[in-house]
Amino acid sequence: MTQTTPATPAQNPAIRVRFAPSPTGQLHIGGARTAIYNWAFARAQGGTFILRIEDTDPERSTEENTQVILRALQWLGLDWDEGPSVGGSAGPYSQTQRQDSYAAALEQLRAAGAVYPCFCTKEALDAKRAAAEEHDGGYAGYDRTCRDLSPEEARARIEAGQAHVWRLRVPNDHGAIAFDDAVYGPISFPANVMDDMILVRSDGSPTYNFAVVCDDINMRISHVIRGDDHLSNTPRQILIYEALGAPVPTFAHLSMILGPDNKKLSKRHGATSVEEYRDRGYLSDALVNFLALLGWSLDGETTIIDRATLTENFSLDRVTKKDAVFDETKLDWMCGVYIREMGAAAWVRAATPWLLTAGAQAADIAAQPARYEALYPLVAERLTRFDEIPEKLGYMFWGATVQLDEASVNKILKK
RNA sequence: GGCCCGGUCGUCUAGCGGUUCAGGACGCCGCCCUCUCAAGGCGGAGGUCGCCGGUUCGAAUCCGGUCCGGGCUACCA
């Protein structure tokens, strides 16, 4: 039911993008849109689309969630060139398997003096922050108490087994951190407000910002296309690229997807995961088309855009900066369009699960497909989602007794 | 508090100083088609481009300010 683009070798090896979900839940609408943009960009550029699992949070990451995300991506038809289950030369593709590379990066940073050990406890830090927020200026970041410890003292405390994290030594004379975002344009952050952020926790694990930069460097990512919520993380990450002496990729940030109340899309808005939409009988072609248009446009006129058109014409310079409200009524309409265009055979194939709940027998569908294909012209033009099938077609499977709708009887038959 | 980003019909958007620049789509309303409901066709109502100044012969488009909304500011990602 979902056709994916054939896995052709990349014609443009320099273009490498990645979608990097953390398996802490289902693939939600916002993540799906990010994945679609990465995928479409890679296909349009003849580049490589990589899938990477960011499972550094052992508390919330599960293997089951990883499988759910993979399944959702497959259902959407977003085939990845490198990643889980397909492999690739830049693997492994989950962060828990890349610990050695983070350790190596830390070692490089230590040798260069770009990081320093910090012995402040979390409790002490929390207390300082709370105190600072009481006063006028507010909290201004880590106060750098450990930044100027003598190398001898630092070494002695480490050898004595004192718990410590590793912080980035942000250069004092660093000018503004500027970059040209592919959707937002030129953006600049003053470097003096940058915190000496933690790169490696006291348990030796890398923090998010550190792991992401290491992975993106090692996987030779050329364009980082991700959610808007990372815009403010970008200058921090650029500092890490610089400390590591690695080229900085192009960044492209995507605005947020909001619920009908203009608030960030969340569970209380109802369905927010891709698989919920699948289960409610939406066609993945329609979902992809709809999501692609939530923040991007082909020409401002065209609304029905199939996969081929999307993967040929997608471009970052036509992505909007403005947050978008997820409007389900338009999705319904769009899904109806796809149903009307899919044809009888494809319809029966896709509709089978719902025909079964309507009362049809699997064996019967297999035995006489033509009979079911004949149903298509009957319902295609009044169907917007497959989960309406039991209601609209259930009478076909009632047998000899047919119940008439009272309202319809009064309106028509009694005349 | 500090830093950063955004603001065009109810919603998704086009527009990137001047030939309908306010266009397209969903939704909504009406008409046509029609044994119902849809689908389809035609037409209509919806935006003084958040607000205030400025630049200019001319601004939704450039500049400043302001308001509102959002993000980051964690040993979360």
Side-chain angles (χ1 to χ4, degrees), chain A residues 20-25 54-57 59-61 95 118 120-123 125-126 129 132-142 163-167 177 181 183-185 187-195 197-212 226-236 253 255-258 260 262-264 290-304 317-318 320-334 336-337 339-340 377-384 392 405 407-408 411-413 415:
Chain A
S22 62
T24 54
E54 308 213 321
D55 52 357
T56 45
D57 183 351
E59 295 286 300
R60 301 187 295 152
S61 300
Q95 294 187 322
C118 169
C120 299
T121 63
K122 177 134 174 32
E123 292 67 38
L125 259 17
D126 287 344
R129 177 164 36 237
E133 280 166 357
E134 297 285 308
H135 301 295
D136 31 270
Y139 182 63
Y142 177 57
H164 61 284
V165 299
W166 288 91
R167 288 182 182 273
I177 304 165
D181 192 277
V183 350
Y184 282 94
I187 295 180
S188 173
F189 291 79
N192 57 294
V193 302
M194 287 300 150
D195 211 352
M197 76 200 100
I198 294 174
L199 262 30
V200 176
R201 303 185 186 103
S202 51
D203 68 356
S205 65
T207 55
Y208 167 76
N209 282 124
F210 187 48
V212 164
R226 74 213 325 182
D228 200 336
D229 46 338
H230 290 297
L231 193 55
S232 301
N233 277 150
T234 305
R236 291 177 238 290
H253 292 276
S255 62
M256 212 130 261
I257 295 180
L258 275 22
N262 286 313
K263 292 278 180 359
K264 187 173 174 178
F290 179 77
L291 254 19
L293 248 24
L294 223 50
W296 174 82
S297 65
L298 178 63
D299 53 15
E301 309 277 291
T302 317
T303 42
I304 299 300
D317 55 17
R318 290 194 65 82
T320 330
K321 304 180 180 77
K322 200 178 133 191
D323 292 343
V325 173
F326 187 92
D327 176 20
E328 221 169 72
T329 56
K330 190 163 184 175
L331 207 210
D332 284 345
W333 164 79
M334 194 171 277
V337 171
I339 288 176
R340 269 167 255 136
L378 252 37
V379 286
E381 62 197 27
R382 65 204 76 192
L383 216 53
T384 137
K392 298 203 162 141
D405 177 66
S408 303
K411 190 173 181 184
I412 305 299
L413 289 183
K415 284 183 185 172

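The structure presented is a predicted model; accordingly, all values stated were derived computationally and were not measured. Protein chains get the first letters and strands the later ones, always in sequence-line order, with residue 1 at the start of each.
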Of A/Ala324 and A/Pro190, the one whose closest nucleotide on RNA chain B sits nearer the 5' end is A/Pro190
Between B/G54 and B/A45, how far apart are the C1' atoms? Round to whole Å, please. 36 Å
Scoring nucleotides 24-32 of chain B by protein non-hydrogen atoms under 4.0 Å (B base, S sugar-phosphate only, - none) yields BBSS-----
Readout for nucleotides 62-77 of chain B: B = base within 4.0 Å of protein heavy atom, S = sugar-phosphate only, - = neither; 5' to 3' it is ---------BSSSBSB
Taking B/G30 as the reference, what is the distance to B/C68 when you measure between their P atoms (whole Å, please)?
40 Å
Q.
Using a 3.5 Å distance criterion without hydrogens, assess whether the side chain of A/Asp323 forms a donor-acceptor pair with backbone atoms of A/Ser255.
A. no
Take atom P in B/G6 and the same atom in B/G58, then report the distance between them in whole Å.
-> 28 Å
Fill in: Contact check, side chains of A/Leu125 and A/Tyr142, non-hydrogen atoms, under 4.5 Å
yes
Exercise. Look at all strands and tell whether A/Arg318 reaches a base, only sugar-phosphate, or nothing, counting heavy atoms closer than 4.0 Å.
Key: sugar-phosphate
Applying the 3.5 Å cut-off to both distances, the Watson-Crick or G-U partner of B/C51 turns out to be B/G65
(message) I'd like the P distance from B/G7 over to B/C16, given in whole Å.
(response) 16 Å
Notebook entry, point to check: Mind checking the P distance from B/A14 to B/G50? Whole angstroms is fine.
Noted result: 14 Å
Using the C1' atoms only, state how far B/C29 lies from B/U13, rounded to an integer number of Å. 23 Å
Side chain to side chain, A/Met197 and A/Arg167, heavy atoms closer than 4.5 Å: no
With rounding to whole Å, what would you report as the distance between B/G44 and B/C26 at their P atoms?
-> 15 Å
Give one of base, sugar-phosphate or nothing for A/Thr234, where a contact means two heavy atoms less than 4.0 Å apart. nothing
The Watson-Crick or G-U wobble partner of B/C26, with both key distances under 3.5 Å, is B/G10
Rounded to whole Å, the CE-P distance (A/Met197 to B/C3) equals 18 Å
Margin query: Using the P atom as the point on both nucleotides, what is the distance between B/C51 and B/A59, in whole Å?
Written below: 15 Å
- Return yes if some donor-acceptor pair links the side-chain N/O of A/Lys392 with the main-chain N/O of A/Arg382 below 3.5 Å, else return no. yes
Atom CZ of A/Arg340 and atom C1' of B/A38 are separated, to the nearest Å, by 9 Å
Mate of B/G1 across any strand shown (Watson-Crick or G-U wobble, both atom pairs under 3.5 Å) is B/U73
Worksheet entry | Min side-chain heavy-atom separation A/Leu293-A/Met334 under 4.5 Å | yes
A/Leu258 atom CG is separated from B/G6 atom P, nearest whole Å, by 16 Å
Compute whether any side-chain donor of one residue and acceptor of the other, for A/Asn209 and A/Thr207, lie under 3.5 angstrom apart. no
From CG of A/Leu383 across to P of B/C37 the rounded distance in Å is 18 Å
Whole-Å distance, A/Leu294 CG to B/U11 P, equals 13 Å
d(A/Arg236 CZ, A/His230 NE2) to nearest 0.5 Å is 11.5 Å
By the Watson-Crick or G-U definition, both distances under 3.5 Å, B/G40 is matched with B/C32
With the side chain defined as heavy atoms from C-beta on, A/Arg382 is closest, among B/U13, B/U11, B/A38, to B/A38
Glycosidic torsion of B/G10 (syn if within 90° of 0, anti otherwise) classifies it as anti
Residue pair A/Glu381/A/Val193 against RNA chain B: nearer the 5' end by closest nucleotide is A/Val193
Using Watson-Crick geometry (N1-N3 plus N6-O4 or O6-N4) or G-U wobble (N1-O2, O6-N3), each under 3.5 Å, B/U19 is paired with none
(message) Using a 4.0 Å heavy-atom cut-off, does A/Gly336 contact any base of the nucleic acid, only the sugar-phosphate backbone, or nothing at all?
(response) nothing
